[in-house]
Amino acid sequence: MSYEVFKQLVPLWGKKRTKCFPISFGKRGEEVSLIREKAPENYKVLNTFFAHRTMCYNGFFSLSLFGIGISISNFVKGGLSADVLGLTFISLIFSFILLRRAVSFHEWSHDLITDSTFIIKKIKKKLTDSPIYLDYASTTPLDPRVFEAMRPYFMEDYGNAASNTHTYGERASIAVKESRKIIADTIHAIPEEIHFTSGATEAINLALKGAFLNYGHQKPHIITVQTEHKAVLDTCAYLEEIGADVTYLSVNSDGLVDIEQLESSIRKDTLLVSIMYANNETGVLHDIQRIGKICKSNQVLFFTDATQAFGKIPLNVLEQSIDMLCFSAHKIYGPKGVGGLYVKKGIKLTPQIHGGGHEFGLRSGTLNVPGIVGLAKAIQLCQSEMEEVSTRLEKIRDDFEEEMEKAGKIKVNGKNAPRLPHFSNFQLLNEEAESFILRNRNKLAVAQGSACNSALIQPSHVLKAMGLSDQDAENSIRISWGNGSNSKTLEKSEIEILF
């Protein structure tokens, strides 16, 4: 009853948010529940306000009834004395003071509910509104069609592909065999030349270390390029420690190797040339076919890191005279943790992982059957959609670069070289790259150099090899588009805001 009286009187006293009165808090129950779940500290304060509000309007009601009751009682008995009138007046004054305090607690409660709900919803919106993803060169999301292809090998056909005594193992083995053929056909190899690994880094180590340990005592010389992925450069540095002689070729301002310098660097004791198909920071494409031809004519092994090119452009190990080639699933909308190495038949490598002789004796370990199936499905999808995707992404990239260069905001690195269609590496002309990335962290996901070097606070070795100063290299950003990108990903208005 006291609350009903309070609701009728409170509009006369509420000064801040009278439109909220008289309203039961029960109508804001969902917001109160949200605060209880997401902001428990605010909920404790809110409960305190509720308790004080209740005590105050109950006190108001009690004192009002007390004062009015005394006055009526004395009036009936024979009139009101000065003492009774004074007591009644004092009771009414204190009752209205309590009413005002009840109104204040009521207002504060509404303010707390409104403000807390606003903040919670704003935080929730920030968490659900993900930044625009433009770092597909680092990794790609798993294609739902790939996941569906993998699913049975997690839940139903979960056998070990090396177990040949039951149907579970047989079904897993058949899945691996079919996947191996799909991948081999993609690059014009034969299935027995495909060896599954945990990814491109392991494949690179197996190719370079395996070749050197098997043939290095006769031919210790290796040729590579200054702009190679760290997996290649670090492996070559290790091989130097155990006796290899490594030549690191330079590149021009567009990131391209000098073919004549390559040819003149080949010696009688040269074992292998390692040059990546497409650079992982700039997307620059080397002339692989010409390089392969030179290596073949000089009877030198040719290994190419095709991690970025695999699934993006056509590859043909026969026409391009490639002896070894590595690839990885997570760059082509497949799962992380699986990749492979093509090794031309007849080439012998020293295994780097022993323990069972799996993968034709080259790489031991239980096969990642779901991952291998996912890798095969991913490359199938990339092959079937390659032309359409390449055309679409190249247009997005070119329009973006043209717009930004015209506005004087960027300078593209490697622009005059052939590049993968979804790559753009550029210098920011009006802002530091680190500042730009931090400012747009919740709006845009891009890379500053390679993801594999993200922990290293130093300028990109790729851009420095192309002739950029430390400052220009540090000020450069890599953007890479993918299947989730469309022409509306970065509209002109957004570009102006972000850059």
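In this text, all values refer to a predicted model and were calculated from it rather than measured experimentally.
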Peer 1: Applying ring pair (Phe, Tyr, Trp, His ring centres under 6.0 Å), which residue pairs with at least one partner in residues 299-327 are found, sequence neighbours left out?
Peer 2: F310-F327

Peer 1: Listing request: all side chain to side chain donor-acceptor pair (under 3.5 Å) pairs with a residue in residues 362-383, at least two apart in sequence or in separate chains.
Peer 2: E202-R363

Peer 1: Does the salt bridge (Lys or Arg N to Asp or Glu O under 4.0 Å) test come out yes or no for E319 and R290, once each step is laid out?
Peer 2: CA-CA 10 Å; E319 289 184 359; R290 191 176 171 190; over 6 Å; no

Peer 1: Please list all pairs passing the ring pair (Phe, Tyr, Trp, His ring centres under 6.0 Å) test where one or both residues lie in residues 251-299, with sequence neighbours left out.
Peer 2: none

Peer 1: Is there a side-chain contact between S179 and L375 in this structure, where contact means two heavy atoms from C-beta onward sitting under 4.5 Å apart?
Peer 2: no

Peer 1: Tell me, yes or no, whether the heavy-atom count around E192 atom CD, taken from other residues, nucleotides or ligands under 6.0 Å, exceeds 12.
Peer 2: yes

Peer 1: Of I294, L262, T224, which is the lone residue that meets side chain to side chain contact (heavy atoms under 4.5 Å, CB included) with V273?
Peer 2: L262

Peer 1: Please tabulate, for side-chain N and O atoms in residues 349-362, each donor-acceptor pair with protein atoms closer than 3.5 Å (sequence neighbours left out).
Peer 2:
unit_1	atom_1	unit_2	atom_2	d
Q352	NE2	T350	O	2.8
H358	ND1	G365	N	3.0
E359	OE1	R180	NH1	2.9
E359	OE1	F196	N	2.7
E359	OE2	R180	NH2	3.0

Peer 1: Main chain of F436, side chain of N440: is a donor-acceptor contact present, judged purely on distance under 3.5 Å?
Peer 2: yes

Peer 1: Is there a donor-acceptor contact under 3.5 Å linking the side chains of S424 and E401?
Peer 2: yes

Peer 1: If we only count heavy atoms from C-beta on, is the T235 to K209 side-chain gap below 4.5 Å?
Peer 2: yes

Peer 1: Residues in side chain to side chain contact (heavy atoms under 4.5 Å, CB included) with K181, at least two apart?
Peer 2: D185, P191

Peer 1: May I ask you to check whether over 12 heavy atoms, not counting those of E260, lie within 6.0 Å of atom CD?
Peer 2: no

Peer 1: Using the test side chain to side chain donor-acceptor pair (under 3.5 Å), find all partners of H330 that sit at least two apart in sequence or belong to another chain.
Peer 2: T139

Peer 1: Using modelled atom types and a 3.5 Å cut-off, is there a donor and acceptor pairing between side-chain atoms of T391 and backbone atoms of E388?
Peer 2: no

Peer 1: Would you give me the side-chain donor-acceptor pairs under 3.5 Å for residues 236-248, sequence neighbours excluded?
Peer 2:
unit_1	atom_1	unit_2	atom_2	d
E240	OE1	Y248	OH	2.9
D245	OD2	R267	NH1	3.1
D245	OD2	R267	NH2	2.8
T247	OG1	H221	NE2	2.7

Peer 1: Does a side-chain heavy-atom distance below 4.5 Å link K464 with P459?
Peer 2: yes

Peer 1: Which is it for E281 and S460 under the side chain to side chain donor-acceptor pair (under 3.5 Å) test, yes or no, and what are the steps along the way?
Peer 2: CA-CA 9 Å; E281 291 192 29; S460 161; 2.5 Å; yes

Peer 1: Are any non-hydrogen side-chain atoms of Y333 and L142 less than 4.5 angstrom apart?
Peer 2: no

Peer 1: Just so I know, are the side chains of K348 and Y215 near enough to count as touching, which here means a heavy-atom distance under 4.5 Å?
Peer 2: yes

Peer 1: Identify the two heavy atoms, one from I194 and one from A184, that lie closest to each other, and give their separation to 0.1 Å.
Peer 2: CG1-CB, 3.8 Å

Peer 1: Can you list everything that forms a side chain to side chain contact (heavy atoms under 4.5 Å, CB included) with K344? Sequence neighbours excluded, please.
Peer 2: E193, D323, Y342, I347

Peer 1: Apply side chain to side chain contact (heavy atoms under 4.5 Å, CB included) to P418 and list each qualifying residue two or more places apart in sequence or on a separate chain.
Peer 2: L256, L285

Peer 1: Does atom CD of Q471 have more than 12 heavy-atom neighbours, drawn from other residues, nucleotides or ligands, at distances under 6.0 Å?
Peer 2: no

Peer 1: What are the two closest heavy atoms between I182 and T186, and how far apart are they?
Peer 2: O-OG1, 2.9 Å

Peer 1: Can you tell me which residue pairs pass the side chain to side chain donor-acceptor pair (under 3.5 Å) test with a partner in residues 291-314, sequence neighbours excluded?
Peer 2: D305-T307

Peer 1: May I ask you to check whether over 12 heavy atoms, not counting those of E385, lie within 6.0 Å of atom CD?
Peer 2: yes

Peer 1: Heavy atoms only: give me the nearest L468-Q427 pair and the separation to one decimal.
Peer 2: CD2-NE2, 3.6 Å

Peer 1: Checking T140 side chain against Y136 main chain: does a donor-acceptor pair fall under 3.5 Å?
Peer 2: no

Peer 1: Does E178 have any side chain to side chain contact (heavy atoms under 4.5 Å, CB included) partners at least two apart in sequence or in another chain, and if so, which?
Peer 2: I174

Peer 1: Listing request: all side chain to side chain donor-acceptor pair (under 3.5 Å) pairs with a residue in residues 152-167, at least two apart in sequence or in separate chains.
Peer 2: D157-R171

Peer 1: Between R478 and D135, does a salt bridge (Lys or Arg N to Asp or Glu O under 4.0 Å) hold up when you go through it step by step?
Peer 2: CA-CA 8 Å; R478 180 189 70 185; D135 197 19; 3.0 Å; yes

Peer 1: Tell me the closest heavy-atom pair linking V338 and S328, and the distance in Å.
Peer 2: O-OG, 3.7 Å

Peer 1: About how many Å separate CG of N279 and CG of N413, when rounded to the nearest 0.5 Å?
Peer 2: 11.0 Å

Peer 1: Donor-acceptor pair, distance only, cut-off 3.5 Å: does the side chain of Q226 make one with the backbone of H461?
Peer 2: no

